[in-house]
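Structure, as structure tokens:
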Number of protein chains: 4
Amino acid sequence: MPIKISQLFDSGAIDVVQATDPRQIDLKLRKDSSADIHQWFHFRLQGARGQACTIRFLNAGQATYPKGFEGYQVAASYDTENWFRVPTSFDGQVMTVNHTPELDSIYYAYFEPYTWERHLRLLGEVAENPIARVHDIGTTVDGRDMNLVVVGNPKAEKKIWVIARQHPGETMAEWFVEGMMDALLDNSNPVSRKLLQRAVFYIVPNMNPDGSVRGNLRTNAAGANLNREWMTPSPERSPEVLCVKNKIHETGVDMFFDIHGDEALPYNFVAGSEMLEDFTPERLAAQNAFIERYMAASPDFQNVYGYAASKYNEELLTLASKYIGHTFKCLSLTLEMPFKDNANLPDPYVGWNGARSAALGAAMLQPILQSLDD
Amino acid sequence: MPIKISQLFDSGAIDVVQATDPRQIDLKLRKDSSADIHQWFHFRLQGARGQACTIRFLNAGQATYPKGFEGYQVAASYDTENWFRVPTSFDGQVMTVNHTPELDSIYYAYFEPYTWERHLRLLGEVAENPIARVHDIGTTVDGRDMNLVVVGNPKAEKKIWVIARQHPGETMAEWFVEGMMDALLDNSNPVSRKLLQRAVFYIVPNMNPDGSVRGNLRTNAAGANLNREWMTPSPERSPEVLCVKNKIHETGVDMFFDIHGDEALPYNFVAGSEMLEDFTPERLAAQNAFIERYMAASPDFQNVYGYAASKYNEELLTLASKYIGHTFKCLSLTLEMPFKDNANLPDPYVGWNGARSAALGAAMLQPILQSLDD
Amino acid sequence: MPIKISQLFDSGAIDVVQATDPRQIDLKLRKDSSADIHQWFHFRLQGARGQACTIRFLNAGQATYPKGFEGYQVAASYDTENWFRVPTSFDGQVMTVNHTPELDSIYYAYFEPYTWERHLRLLGEVAENPIARVHDIGTTVDGRDMNLVVVGNPKAEKKIWVIARQHPGETMAEWFVEGMMDALLDNSNPVSRKLLQRAVFYIVPNMNPDGSVRGNLRTNAAGANLNREWMTPSPERSPEVLCVKNKIHETGVDMFFDIHGDEALPYNFVAGSEMLEDFTPERLAAQNAFIERYMAASPDFQNVYGYAASKYNEELLTLASKYIGHTFKCLSLTLEMPFKDNANLPDPYVGWNGARSAALGAAMLQPILQSLDD
Amino acid sequence: MPIKISQLFDSGAIDVVQATDPRQIDLKLRKDSSADIHQWFHFRLQGARGQACTIRFLNAGQATYPKGFEGYQVAASYDTENWFRVPTSFDGQVMTVNHTPELDSIYYAYFEPYTWERHLRLLGEVAENPIARVHDIGTTVDGRDMNLVVVGNPKAEKKIWVIARQHPGETMAEWFVEGMMDALLDNSNPVSRKLLQRAVFYIVPNMNPDGSVRGNLRTNAAGANLNREWMTPSPERSPEVLCVKNKIHETGVDMFFDIHGDEALPYNFVAGSEMLEDFTPERLAAQNAFIERYMAASPDFQNVYGYAASKYNEELLTLASKYIGHTFKCLSLTLEMPFKDNANLPDPYVGWNGARSAALGAAMLQPILQSLDD
Ligand SMILES: [Ca+2]
Ligand SMILES: [Ca+2]
Ligand SMILES: [Ca+2]
Ligand SMILES: [Ca+2]
């Protein structure tokens, strides 16, 4: 039986150079649908059961984040449900997987995928909970629904906004939100019950549905990086941001979290708003307090490694969390999870994955509660 | 909040004429992607919670099977998992649904959908069972994988072939196959254990992946009705049939079942091969015995209502079950399930649905076992 | 760590002769609580992880059914949920198990147990189904509840009675009933839906609660073999039979099934009422038809092996199925499942077990439906 | 159908004065099997479906903790799995439930029970995890197994001991331990993963198996209050304490938690060791830090309400946590959960229950991790 590589399913993405001999499968990272970004991949390999495969990603060195492949292990699954990591190396140019599939069919991906169908199923389950609502707030470039989940009483004193997956290939962001919403809707969770006495959550589980389905890493169907569109979102180029931004202005916001994945750094961390011009010592204290509290809630979270503090410039306000922090003077954070693993608490078998992202999402409710009056 | 109708998900299909006032939502059945077939629909309605909606399908009278809407009730779901029927009427021209959604978001469909993602998940689960294999046997027009599930020992004496969903909108066919495969892989099922001592099953759960995802009723991405392609399938127009036909010729076949749904008749039944020129009394007896045994195994199956016996003509051999019956002189049946309900045993709440189709699929193992030596 | 054998839990039963050296664990079958019956055992072994154990049942040759240990394999479980068989031999006097437990704690039993807690949980689930009722009809010698499950409309034309586990160590009987009730309450099961249009089921899942909890094979807390009490049940000695017998006389009965396990025969079969004096050819035909239909429904059922036809005598009417057959002139059968395995379709890993008993119970609905008008 | 009250199942306990008319069901709290303690009850009521029942506990005023019935609501369940609270009043003498059961059979209990069978099932599941072991460490007065669960590497630097249910009617204690163990064995939980790098957990899920099955509130089969036996446990009177105490002396201990329920106080809290003679300021600081950290981890935990600090006396060392704190100079706490509800975060539908106890148990891992170096 010959081997075969295919990709026509949710978030499938790869270019095949040659795939005849399992010992020399040569692939190329495909670019985002309308932008010159190369990083995400997701494909199925069939017919290689029991054969020692060598899978090479020839243009890994030209990827958007080549550092993302240093110390990185490819994710794999036989059943689309259980994902594990496979031996991977990177010489600065070519990334190579050496793996012997145990079954006829196996999937390989940059990270454990989160499909559009799972997204719709999640919304359906959430909507059946009496304390939650699912609202339509707009339509993507391709025509998909932009949904907003509201948990709690909209008249509550504090408005917490959480948005995820502006960069669609950062699927850990939607796993994070699923974990957070599960915890929020758990009647036995005292943090959630306490929170919902005073706060309402506005949650956008997927900011970039088109890019998600298309298998893009960073852009929507129009080629826009949504996290550079917050100053002047347009109906043509970034309707996904436009509708969410409008809704935030309508409801107001007391805390804002934009959930992401980082290709290079093997840690969980946040990027704050300290570079904003009118950032006060009080806000810095609140931001630092939140970070300390999050570290207490989850040993998977840390503040040693992260982004170097960027200098303020006008362009910075095109980013969601800077825009919100600037406009609403509230706690506003970009949260980053690794594509690789948390180097402080590594799990070589699964790496960082969906379940751990969900646990980190659930854990964030604790610092939110503790920071409610900051 | 305004109402909204959307359809950009697996098998989504509808044309919106107007959808502003929930009391007058006017829609049109959309045609298959490359063929003049109007029947399948699947869409999401948002923003109508608690409002008495009147949804009209203006061109139902011009559908491919207008009789399919007589006595038919539309299927609906809040969560994409649990489906029920809603009050529906048809005046010969317009089909009208009167329904008050209880939640913000609701899906309506011609029949309980079976998604491509569920298909891939099913293959993944099956492949993890040591007595099953999942093989790639070809590629669709759009580029999706044609997968063949093999359950049992390929060297077994009897080869049983089951194919489903040549007509992609007949989703009950894949539910049927899922139920049959679950039973076949159940260690506690004595029918399956007995069968697998002597027989191997070759199963194609989805003959028409492209049409399934596109939301077609009857055709593939090239506009072909696959069940008219069995004499001369081509790589361009019907690669889905070509690869399966080739494989059947390679393995041989002792019983063949082609699983379908029927738009008009509210019954489960089979169409046989009695019109074939060389059909012998022995084969007729075997066919009738199979039907009797199936009725004994499932009261949802019957032989009173069905298709009038067609006269033989050359063109008939373009149909899968006739082609196989003619070529291999074996039991070869087209099985039809209702889109409506089984009028002999109706369940007004769910109508005919996925779970009942699965039960009918599981039940078919019994007559197969009993007919093994016919 | 020393090894230890214990038995103080539901149906625990064993006498320890010596249990110091895992290579020589000597046990004796304990007698029923108030009767001279030796056969059932159920105990826990701790501390033998990774050690090759030799477990001897010294008095197996003096058991009530020594033939029960010929060709028999002991059942074992690490978690009380998943049971498998372990290598067992019998020399006519001593039964010996050679097994190396993989974990610190393991249970061994004569057959996969069915606990009183599971019984109560089953009743709780059933009661929540709108088409079922759970009635109290009496109290055992020890003071446990005798519960009757009624499925369907009590005014239905046909009354089907199913009682199980008169002999409490025959736990397969309650697994059988659980499987049958699950099928009966499954909305997607056409056999059940058809049946419930015309029939009501009266089911006693456990006729002998005290013996079950006490770990008896055949008797209740008063030492009575309930299947010899049907002529003259008494409140002191057999209140379990008395209340059920009264209820049957109150409702009437059209078909009666008494579910059992047989120690010696490695087959599923029924014992009928053909020895009754007024048994007519019509009833014999009906009985034989039922048997044929059951064989069609389940290859685990057969009619080659079974009990030799007993001659009629007065004492025979002390047996449930004979008493009912004699009194109500209806189809009345004792159904027997093996403690060993079905030799026609063996599964060396699990032997005959709970899941297979449940499947046989579910399958019985088909011959019941087909025999409704006999 | 007459009504009936029964109690012959795990932890069943009640005395019936009269139970003929559902409008006047008169009961008495039964005493512990060998001690003059009246408080726990658990019984089944049948035959009262749809009838407004008045259930009076005539001797509630003479209970061991009559204050336990002030502001208390009785727990109820139809299926032994889902428990809710029913309207209950207490006039200082008689406690009265007014409730109309919706189904034929209903259970009422002092608190959501945790059965011996669930205990054994839990041990079975835990044992199948490669990082856990289940050891036998002794035998109760009646002959049940005393099991110790060890999670993590016994050579780890820190030894954490958690024991539960010395008072068997305080079933929340075992729910707590189940939740804590589930979290500890969850691969996605970073607190657990971090903890197990440095600590090993020794857990006794049930210190008093005999009292649990017998339906006692506070004592074992010999009538001993195990939490007064830690100075001089004896094989005859308190073998349960003896074996655990010996094991603790064998392994050493760095933190000790004894899990309880409190009848009167509607709060979660701990009682510490500050009255011990050699209690240092450092230990007090550590104890207070632990409490603060636990409050941060769970809003269901608090330190405002609790027991007044007791004065030290010799007898105090008969209590587990005092004995351990005195002997090992480590953090040693008695944790108390309410039978009623947490008045700071009440849930009138379920009150304090199994799921919330489990959540509190899972949450305790966080302060343990944070206090590891105190
Ligand atoms: Ca990002
Ligand atoms: Ca068709
Ligand atoms: Ca028997
Ligand atoms: Ca206590």
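Naming: A, B, ... by sequence-line order, numbering from 1 per chain. Predicted model, so just to flag it, every value in this text is computed and none were measured.
Heavy atoms closer than 4.5 Å to chain C are found nowhere in D:Ser77, neither backbone nor side chain. Both the backbone and the side chain of D:Glu128 come within contact range of chain C, each with at least one heavy atom under 4.5 Å from a heavy atom of that chain. Looking at D:Asp142, both its backbone and its side chain come within 4.5 Å of chain C, counting heavy atoms on both sides. Contacts between D:Leu123 and chain C at a heavy-atom distance below 4.5 Å involve the side chain alone, from C-beta outward. For chain D, the nearby part of C:Glu81 is the side chain; its heavy atoms alone come within less than 4.5 Å.
Of the residues considered (D:Pro209, D:Gly124, D:Ser105), D:Gly124 shows the highest number of contacts with chain C, using heavy-atom pairs under 4.5 Å. Between chain C and the residues D:Val126, D:Asp10, D:Thr139, the largest count of heavy-atom pairs under 4.5 Å involves D:Thr139.
No side-chain heavy atom of C:Gln46 sits under 4.5 Å from any side-chain heavy atom of D:His135. D:Leu120 places a side-chain heavy atom less than 4.5 Å from the side chain of C:Arg44.
Salt-bridge formation is not detected for the pair D:Arg121/C:Asp79: no Lys NZ or Arg NE/NH1/NH2 atom is positioned less than 4.0 Å from an Asp or Glu carboxylate oxygen. Comment: D:Asp145 engages C:Lys4 in a salt bridge, judged by a side-chain N to carboxylate O separation of less than 4.0 angstrom.
C:Trp116 CH2 to D:Glu117 CD: the interatomic distance, rounded to the nearest 0.5 Å, is 12.0 Å. For the atom pair C:Asp104 CG and D:Leu148 CG, the distance stands at 10.5 Å (nearest 0.5 Å).
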